[in-house]
Protein chains: 2
Amino acid sequence: MLADMASNRAGRAVTIHTVAERAGVHASTVSRALRRDPAGAPAAVRRIHALAEELGYRPTLAGASLRTGQSHAVGVLVHRLTDVVQAMTFEAIDRAAVEAGYQAMVATTEDDPERQRRRADLLLSRGVDGLIVADAHLDGGYVDWLASRGVPVVLVIRGLPGHVSVTVDDRLAGRLVGGHLADLGHRNVAVLAGLAWSSASTERAAGAVAALRDRGVGPGDDLVVPCGLDVTSGHTAMGRLLDEHPDLTAVFAVNDFMALGAMIALREHGLEPGRDVAVVGYNDVDIAPAAELTTVRCPHDQMGSIALRQLLDLVQGRSAHSIRLSPELVVRASSGPPRTG
Amino acid sequence: MLADMASNRAGRAVTIHTVAERAGVHASTVSRALRRDPAGAPAAVRRIHALAEELGYRPTLAGASLRTGQSHAVGVLVHRLTDVVQAMTFEAIDRAAVEAGYQAMVATTEDDPERQRRRADLLLSRGVDGLIVADAHLDGGYVDWLASRGVPVVLVIRGLPGHVSVTVDDRLAGRLVGGHLADLGHRNVAVLAGLAWSSASTERAAGAVAALRDRGVGPGDDLVVPCGLDVTSGHTAMGRLLDEHPDLTAVFAVNDFMALGAMIALREHGLEPGRDVAVVGYNDVDIAPAAELTTVRCPHDQMGSIALRQLLDLVQGRSAHSIRLSPELVVRASSGPPRTG
DNA sequence: ATGAAAGCGCTAACAA
DNA sequence: TTGTTAGCGCTTTCAT
């Protein structure tokens, strides 16, 4: 019996015809019996199922895909999988996909427009029914191109006007952070603003700046610095900032890794995060509690699964609409009031 | 022209026949002209390429796959993509795959045997030509099952006797760490030993223990504790260890995240990593330099690309063999000598 | 309820 | 060098 199963790969493949022959019915009958909503005599259906199981039959999805024009696969484009937020989001998408009988195929682009187009193209060649884009650029970029080709697309994390997206209300979150720091009494706040082309980065930064200005704290443009999304970038940017603005009392980094890098830079300057300079991050990654980092918690799992649902709606001809989820400020020891004197 | 390209999806699909018709040749001629190593009159080949480009032709890989029995896709099984080491390795595999004209499809299993089998099965249904397994269990598990079905399989990171694997010499690395700590004068060393079913974890731990015993430092079995691979697990395990063994002077965690968690636990106990208790991790993840963490650097990119090569060798009927790469000890401030007195 | 037949897009053996 | 033909595994009318 085990040998039979092995034959699926090793020997001749077990196809729908193999099952049909053994069952003494026509291949089309097997096909019908094996679908989600089987048609046919209940007894026959059961017999065919048992036989398929026994023979170790696995459907060759390429055949079905070719015939139906649907691959039951979706593509996911992320800038890096080593960015744990993108990884979490993809995992959530993947879980939801498997549950819905779909396969999620991921591709990394490093935010490079050329690779974005190329990988999207490859995915399309693979026959994916739609695309989830987690690395959209504010200039439209390949997303506009995809949409103009009629490809079902849903954005996640980073939004873009005119396209269906599943995001957190980053601007509101930024306001929460800005308000928090202002309320603590900070008047000299810097923002590590992330990537200029990412709505997630720019909205968070803009929200914080707006909230600060509302309360009369006006961080000059020289205190809002773009930077990469990882520890090293945050470290470097913060080091430079401290050299130029030794009077800083707080910093908001638009993601936790940058914040962690900033904390390291602070210590190198002899400053204790939370006591000498308040630090706030974004995402509440698993290391944030341990680092006592004040941050913004976002429902990445939800974002992923909702994005998949929305995409399937689009793929299956239903309508889909943008969704903005609520962020939550999580206050920890890294954000204290400014030192007096 | 853009409208033409859009027709690929929106309107009628652009197939090889569309191109053939417009070129005034037969479909098979187009097929031949478009392959990697084109056959046909150079002029005709160029013309067909130009036409294909103009029409926005994208091959429907399902068709080719059905015909040739090769999908030019490989599956990759990891336990979690949020584990940055697994993510790095997958990215390397993915890069190498794209370069070779393949698509890498990843699935996460959480080290759960049931999900391992299920996801492997799904991938196989998708027609992958082979599988790279980054989450192998020492009991054989689904890897044996796959191999017995004749599926080409290459293991990466975690090895398993009797299967082709691409790993780091974890035992040697463990020995380097053990030797390093012994040389510093540590006599009371604990090991956060990771997962019992992972060769990577067990080999690293065993290597360290062996090196320590060689030098007369005999960590008892109560000082070698299994634990999960993330920050939280390391944190918890270290906390418990410190409660039971307040006289510890050094700890080796078989990965950096556990080590980071351990450092946090130390600080909570009023101990300064590197000064009061030496800490060594494993992998040299991007945050390790900032944390001043002594660790072992492993060529994850190389492992990924080599694993893919090996798999393609297997898939294409050539032979493949296990490869063990060299680790490198990176000494930083987190591992100092024991405090005297 | 089941069988027959056709065809999705592609490639490979063979013929010209 | 190019065209012809056949068929990979599957689903889906249409007929029975």
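Protein chains get the first letters and strands the later ones, always in sequence-line order, with residue 1 at the start of each.
- Note on residues 77-122 of chain B: pairs passing ring-ring contact (aromatic ring centres under 6.0 Å, His included), not counting sequence neighbours, are B:H72-B:Y102.
- The nearest whole Å value for the distance from the NE2 atom in B:H26 to the P atom in D:dT5 is 8 Å.
- Nearest-nucleotide positions on DNA chain D place B:A27 closer to the 5' end than the other of B:G63 and B:A27.
- Within 6.0 Å of atom CD in A:Q316, more than 12 heavy atoms from other residues, nucleotides or ligands are found, so the atom counts as buried in its surroundings.
- To the nearest angstrom, P of D:dT12 lies 10 Å from CD of A:Q70.
- When each of C:dT11, D:dT11, D:dT2 is scored by its nearest atom to the side-chain atoms of B:T68, the top-ranked nucleotide is C:dT11.
- Atom pair B:R47:CZ and D:dT1:P shows a separation of 15 Å (rounding to whole Å applied).
- Between A:S31 and D:dT11, a side-chain N or O to OP1/OP2 separation shorter than 4.0 Å is present.
- Regarding A:R58, its CZ atom lies at a distance of 17 Å from the C1' atom of D:dC10, rounded to whole Å.
- Note: CD1 (B:I48) to P (D:dG3) measures 8 Å, nearest angstrom.
- B:R35 comes within 4.0 angstrom of sugar-phosphate atoms only, judged by non-hydrogen atoms across all strands, and of no base.
- For the pair B:E114/B:Q116, no side-chain contact is recorded, criterion being any heavy-atom separation below 4.5 Å from C-beta on.
- Rounded to whole Å, the distance from NE2 on B:H72 to P on C:dC10 is 14 Å.
- The residue B:T60 sits close only to the backbone: its heavy atoms come under 4.0 Å of sugar-phosphate atoms, none of a base.
- Of the candidates D:dT2, C:dT11, D:dT11, C:dT11 carries the atom nearest the B:A64 side chain, counting heavy atoms from C-beta on.
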Name each donor-acceptor pair under 3.5 Å that joins a side chain in residues 302-312 of chain B to protein atoms two or more places apart or in another chain, with its distance.
residue	atom	partner	partner atom	Å
B:S305	OG	B:D301	O	3.3
B:S305	OG	B:Q302	O	3.2
B:Q310	NE2	B:H321	O	2.4

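- Taking atom CZ of A:R32 as the reference point, atom C1' of C:dA5 lies 12 Å away to the nearest angstrom.
- Looking only at side-chain heavy atoms (C-beta outward), A:I93 and A:I132 come within less than 4.5 Å of each other.
- Across D:dT2, C:dC10, D:dC10, the shortest atom-to-atom separation from the side chain of B:T15 is found for C:dC10.
- B:S28 comes within 4.0 angstrom of a nucleotide base, judged by non-hydrogen atoms across all strands.
- Distance A:L34 CG to D:dG9 C1': 13 Å, rounded to the nearest Å.
- With DNA chain D read from its 5' end, the first of the two nearest nucleotides for B:R67 and A:H17 is the one closest to B:R67.
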